[in-house]
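Here is the structure we will look at, set down as structure tokens.
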Amino acid sequence: MDSKMFNHLEGYNSITLPVTEIDGKRYYTTPEGNNYPSVTTVTGLLNRVWIKKWRAAVGEDKANAVSGQAMGRGSRYHKLQEDFLNNELTEERLKEITPLDLMMFNQTKETTSKLGDIYMLEGSMYSDELEMAGRVDCIAMFEEKLSVIDFKTSTKPKFPSKIKGYFMQETAYAKMFEECYMEPIEQIVTIISVEETGRSQIFIENPDNWVDPLKNLRVQYREEYGI
């Protein structure tokens with residue numbers, strides 16, 4: 001396909017972290033044997049009240065259907081982005097996908113094409129300081145800054161005040177990377193493909209602004225679940 005070839009740097013390897021469930025929640029086991037909650041499990045505290053009210057309002061059947069569709073859409077989009085950044089996405093593959101998936105991929109293709117050197121793609125990491133673990137979408141150079149890149153899909157446009165969890169999630173990955181490789185992440189970048197408008201969104205934040213809220217949320221999680 002008509003695209004740049006992305007350069008992947010060596011020496012920034014994903015860590016193998018076994019996944020386990022404790023009381024229905026996902027934890028990663030570190031090489032030292034510590035069980036750390038996933039980043040998304042911790043940030044999920046932010047929206048749980050709203051989600052509970054929404055599910056009650058629309059009914060379990062509809063809620064499950066909507067959630068399933070959103071998860072499927074997000075998974076397909078992430079796979080397209082991963083193949084694109086791995087220089088493996090072919091024109092033949094694009095001809096086989098649904099019009100919706102093609103539209104959502106094309107929305108963000110120009111932005112994704114601006115990525116420079118890729119340090120990590122779909123990589124697992126953890127932080128002993130935060131006592132959290134997770135799997136980052138991408139760490140790469142973007143606009144000449146080392147960045148955590150997070151790819152999202154949405155039915156409707158997002159407002160920054162409603163996606164604080166995204167910023168905290170990306171900040172967690174930034175801290176994990178810095179802890180592992182002693183290289184500071186300069187910015188966190190959220191790229192969202194929006195189904196209803198056909199236009200993507202991009203949010204760029206300073207991770208330093210979200211460290212304290214993230215740590216406070218981690219304290220809340222420990223107080224509630226004891227781990």
Side-chain angles (χ1 to χ4, degrees), residues 12 14-15 17 19 22-54 74 111 115 119-154 157-192 201-227:
Y12 300 89
S14 174
I15 301 169
L17 298 174
V19 179
I22 302 175
D23 295 329
K25 293 189 168 42
R26 185 173 59 185
Y27 293 85
Y28 291 91
T29 303
T30 70
E32 296 77 24
N34 298 312
N35 287 324
Y36 290 161
S38 69
V39 177
T40 52
T41 296
V42 174
T43 57
L45 294 178
L46 292 171
N47 296 322
R48 63 179 176 180
V49 173
W50 177 87
I51 291 174
K52 185 176 181 180
K53 290 181 178 178
W54 170 73
T111 300
L115 268 60
Y119 288 63
M120 188 175 290
L121 187 64
E122 293 293 332
S124 297
M125 297 182 293
Y126 68 98
S127 166
D128 288 323
E129 179 184 353
L130 297 175
E131 296 186 341
M132 281 189 280
R135 190 171 181 83
V136 68
D137 285 355
C138 182
I139 294 176
M141 296 299 294
F142 182 74
E143 297 182 345
E144 300 183 354
K145 293 183 178 181
L146 185 56
S147 309
V148 168
I149 316 289
D150 203 12
F151 298 109
K152 302 289 189 184
T153 62
S154 178
K158 297 289 190 182
F159 295 96
S161 62
K162 300 296 184 182
I163 55 173
K164 295 177 182 179
Y166 291 174
F167 303 146
M168 291 187 207
Q169 179 183 354
E170 294 150 12
T171 296
Y173 297 138
K175 299 302 290 182
M176 292 174 192
F177 186 82
E178 291 172 7
E179 193 173 315
C180 288
Y181 299 104
M182 305 301 173
E183 295 186 44
I185 296 292
E186 299 174 84
Q187 62 185 11
I188 52 177
V189 181
T190 313
I191 299 173
I192 306 177
Q201 295 177 286
I202 182 168
F203 299 94
I204 300 177
E205 293 274 330
N206 183 338
D208 292 342
N209 296 335
W210 295 98
V211 172
D212 286 343
L214 174 66
K215 288 183 176 180
N216 291 337
L217 200 64
R218 181 65 180 93
V219 170
Q220 179 185 342
Y221 187 90
R222 186 178 299 108
E223 289 174 347
E224 292 192 27
Y225 298 103
I227 190 170

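Bear in mind the structure is a predicted one, so any value in this text is a computation, not a measurement. Values below: every heavy atom of this structure, side chains too, minus hydrogens, waters and symmetry copies.
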Considering residues at least two apart in sequence or located in another chain, which fulfil the side chain to side chain donor-acceptor pair (under 3.5 Å) criterion with Lys175?
none
Residues in side chain to side chain donor-acceptor pair (under 3.5 Å) contact with Glu223, at least two apart in sequence or another chain
none
What I want to check is whether the side chains of Gln169 and Tyr173 have a donor and an acceptor closer together than 3.5 Å.
yes
Between the side chains of Ser127 and Glu129, does any donor sit under 3.5 Å from an acceptor?
no
Under the salt bridge (Lys or Arg N to Asp or Glu O under 4.0 Å) rule, collect the residues that match up with [X], sequence neighbours excluded.
X: Glu143; answer: none
X: Glu179; answer: none
X: Glu183; answer: none
X: Glu224; answer: Arg48

Can you name the side-chain contact (heavy atoms from CB on, under 4.5 Å) partners of [X], sequence neighbours left out?
X: Ser38; answer: Arg26, Tyr28, Thr40, Thr41
X: Glu144; answer: none
X: Asn206; answer: Asp208, Asn209
X: Pro184; answer: Glu178

Indicate yes or no: at least one non-hydrogen side-chain atom of [X] is less than 4.5 angstrom from one of [Y].
X: Cys180; Y: Ile15; answer: yes
X: Phe142; Y: Thr111; answer: yes
X: Phe177; Y: Leu146; answer: yes
X: Asn34; Y: Asp128; answer: yes
X: Leu115; Y: Cys138; answer: yes
X: Glu122; Y: Asp137; answer: yes
X: Met125; Y: Ile139; answer: yes
X: Val136; Y: Ser124; answer: no

Stepwise, does the side-chain contact (heavy atoms from CB on, under 4.5 Å) test hold for Asp150 with Ile188?
CA-CA 8 Å; Asp150 203 12; Ile188 52 177; over 6 Å; no
How close do Ile192 and Thr153 get, heavy atom to heavy atom, and via which atoms?
CG2-C, 4.3 Å
Who are the ring pair (Phe, Tyr, Trp, His ring centres under 6.0 Å) partners of Tyr119, not counting sequence neighbours?
Tyr12
May I have the step-by-step check of side-chain contact (heavy atoms from CB on, under 4.5 Å) for Glu170 and Thr190, ending in yes or no?
CA-CA 8 Å; Glu170 294 150 12; Thr190 313; 2.8 Å; yes
Quick one: ring pair (Phe, Tyr, Trp, His ring centres under 6.0 Å) pairs with a partner in residues 202-227, sequence neighbours left out?
Phe167-Trp210, Tyr221-Tyr225
Check whether any side-chain N or O of Ser161 sits under 3.5 Å from a backbone N or O of Phe159 as a donor-acceptor pair, and report yes or no.
no
